[in-house]
Protein chains: 2
Amino acid sequence: MNTDEFEISKKNNKFGYSSLIRMQGIPILFKNLGYTLTKPREAILKVLYESKKPLTAEQIKSKLSKIDKATIYRTLEYFTEFRLILKIDLRGDSFFYEMNDAHHHHIVCRKCRIIEEIEYCELPNPMIYSKKFSFINEHSLEFYGKCKNCV
Amino acid sequence: MNTDEFEISKKNNKFGYSSLIRMQGIPILFKNLGYTLTKPREAILKVLYESKKPLTAEQIKSKLSKIDKATIYRTLEYFTEFRLILKIDLRGDSFFYEMNDAHHHHIVCRKCRIIEEIEYCELPNPMIYSKKFSFINEHSLEFYGKCKNCV
DNA sequence: TCGTAATTGCAACTTAGTCGCATTTAGAAT
DNA sequence: ATTCTAAATGCGACTAAGTTGCAATTACGA
């Protein structure tokens, strides 16, 4: 992963994807930002945009049978660097991906793996103090327990 | 993973491993709790206990060349269920493991992957409100940024 | 010391994810 | 509109983390 590009894309991504969609100007915006929106990329983005919960690469692939596995993974990596989507770890066998719009976290049931989104977040990254780090601009926070179905 | 055993072991594990070590009574304690401390298990626990930072299964294996890979993984899973150690994800290629003593979190450099431990934590699990969950008793919280070496 | 259940070592396997390369496509130039 | 080129895709082979089945070994109570 190119870390420079990572920083740049993070800075550029001041509008969430939902705004991009509404603006109907995705290809132009992509172009202005120096990115290319191909058909596979648009299809993958649409799946994530329409999903109400985080999806694994495999789940995305199963909805887009014509798109190759390698393309799925490369595209997810691309969008993650771009900061358009988030790659999250919920202690499963693979990573999950979701649109990067409103900041939120998750509760995961240790038994059935059901995922609930929660808005709770009172963590201001910059307030964390560290001598070794020059900046901290990201965090992951996930909760684990048992859902009511699994008691 | 047997979730019943998970709950039981969590409840029993009221003393950290540091206390166990000091008490010099590990095998007896293990036995009383219904667990067996074999030589491979003790060796793996010792490596984790003496390490100042979280280790991957591969890193542990490299320090214990006689112990088989499968045993390493099975033992780490065993101790994790037992709640004697923690399995943590720092967005690398594999999981990290560390002793489950004082509750703390990590800062990870996105470039060089250096890990710093931080004590900062003001997250009371039970206060998180959810209609779908009956209890939430665990969370993971990791911070990401760039360390001073990587600017 | 013996017997049995649990643990280990080994090797084969699974699966998420990656990589190299030939083919195709997007978009700029003509 | 057509051509050109760099970038993206598809394909298949590969990697590496982690798992599994099973025979050999070990822990530990009787």
Side-chain angles (χ1 to χ4, degrees), chain A residues 1-2 5 9 25-47 54-82 84-85 87-97 113, chain B residues 1-2 5 9 25-47 54-82 84-85 87-97 113:
Chain A
M1 177 169 126
N2 181 330
E5 188 177 44
S9 55
I26 311 157
I28 294 150
L29 271 166
F30 262 69
K31 214 172 76 177
N32 288 347
L33 295 171
Y35 294 98
T36 320
L37 189 65
T38 60
K39 279 169 194 170
R41 285 179 182 173
E42 196 161 8
I44 292 166
L45 205 49
K46 193 161 176 282
V47 167
L55 299 173
T56 64
E58 204 49 51
Q59 289 170 332
I60 295 166
K61 171 136 188 41
S62 72
K63 288 169 197 276
L64 300 168
S65 53
K66 284 173 195 166
I67 301 177
D68 190 73
K69 186 174 65 156
T71 305
I72 303 269
Y73 281 105
R74 278 185 295 227
T75 303
L76 290 171
E77 199 61 27
Y78 177 85
F79 286 151
T80 301
E81 286 174 25
F82 190 170
L84 199 58
I85 67 173
K87 181 179 186 176
I88 54 178
D89 188 287
L90 300 175
R91 297 192 193 171
D93 292 330
S94 38
F95 285 100
F96 285 80
Y97 297 87
R113 311 301 302 168
Chain B
M1 178 169 126
N2 181 328
E5 188 176 46
S9 56
I26 311 157
I28 293 151
L29 272 166
F30 263 69
K31 215 172 75 178
N32 288 347
L33 295 170
Y35 294 100
T36 320
L37 190 65
T38 61
K39 280 168 191 169
R41 284 181 183 172
E42 196 161 7
I44 291 166
L45 204 49
K46 192 160 176 284
V47 167
L55 300 173
T56 63
E58 205 48 52
Q59 289 170 332
I60 296 166
K61 169 134 190 44
S62 72
K63 289 169 198 273
L64 300 168
S65 53
K66 285 174 195 166
I67 301 178
D68 190 74
K69 187 173 66 156
T71 305
I72 303 270
Y73 281 106
R74 277 185 294 225
T75 302
L76 291 170
E77 198 62 27
Y78 177 84
F79 285 151
T80 301
E81 286 174 24
F82 190 169
L84 201 57
I85 67 173
K87 182 179 186 176
I88 54 179
D89 189 285
L90 301 175
R91 295 190 194 174
D93 292 329
S94 39
F95 285 99
F96 285 81
Y97 298 87
R113 311 300 302 169

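Order of the sequence lines fixes the chain letters, A, B, ..., with proteins taken first and strands second; residue numbering starts at 1 for each chain.
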Using whole Å, what does the distance between atom [atom2] of nucleotide [N] and atom [atom1] of [X] come to?
X	N	atom1	atom2	value
A:Arg91	D:dG18	CZ	P	15 Å
A:Lys39	D:dA8	NZ	P	16 Å
A:Glu77	C:dC19	CD	P	10 Å
B:Glu42	C:dT7	CD	C1'	15 Å
B:Phe96	D:dG18	CZ	C1'	16 Å
A:Glu81	D:dA7	CD	C1'	15 Å
B:Ile72	D:dA17	CD1	C1'	14 Å
A:Leu37	D:dA7	CG	C1'	14 Å

Please determine, for the side chain of [X], which listed nucleotide ([options]) has the closest atom?
X	options	answer
B:Ser94	C:dA16, D:dG18, D:dG10	D:dG18
B:Ala70	D:dT9, C:dA11, C:dT7	C:dA11
A:Tyr78	D:dA8, C:dT8, D:dG18	D:dA8
A:Thr71	D:dT9, D:dA27, C:dA16	D:dT9
B:Tyr73	D:dA17, D:dG12, C:dT8	D:dA17

[atom2] on [Y] to [atom1] on [X], rounded to 0.5 Å:
X	Y	atom1	atom2	value
A:Ile72	A:Glu58	CD1	CD	8.5 Å
A:Lys46	A:Lys39	NZ	NZ	14.5 Å
A:Tyr97	A:Glu77	OH	CD	6.0 Å
B:Thr71	B:Ile44	OG1	CD1	7.0 Å

Contact under 4.0 Å: B:Thr38 side-chain N or O vs C:dT8 OP1/OP2: yes
query: Starting at the 5' end of DNA chain C and moving along, which residue's nearest nucleotide shows up first, A:Thr56 or A:Arg74?
result: A:Thr56
Nearest heavy-atom neighbours spanning [X] and [Y]:
X	Y	result
B:Thr80	B:Leu76	OG1-O, 2.6 Å
A:Leu37	A:Arg41	CD1-CB, 3.9 Å
B:Ile67	B:Pro40	CD1-CA, 3.8 Å
A:Ala57	A:Tyr73	CB-CE2, 3.5 Å

field: Pair of N/O donor and acceptor under 3.5 Å linking C:dG17 base with A:Lys69 side chain
entry: yes
- prompt: Does any N or O in the side chain of B:Arg91 come within less than 3.5 Å of the main-chain N or O of A:Asp89, such that one atom is a donor and the other an acceptor?
  reply: no
query: For the helix from C:dT1-D:dA30 to C:dT30-D:dA1, what is the angle between the axes at its two ends, each from 5 pairs, rounded to 10°?
result: 30°
query: Looking at DNA chain D, which of residues 60-67 of chain A put a heavy atom within less than 4.0 Å of it?
result: A:Lys66, A:Ile67
query: Is there a side-chain contact between A:Leu45 and A:Thr75 (heavy atoms, below 4.5 Å)?
result: no
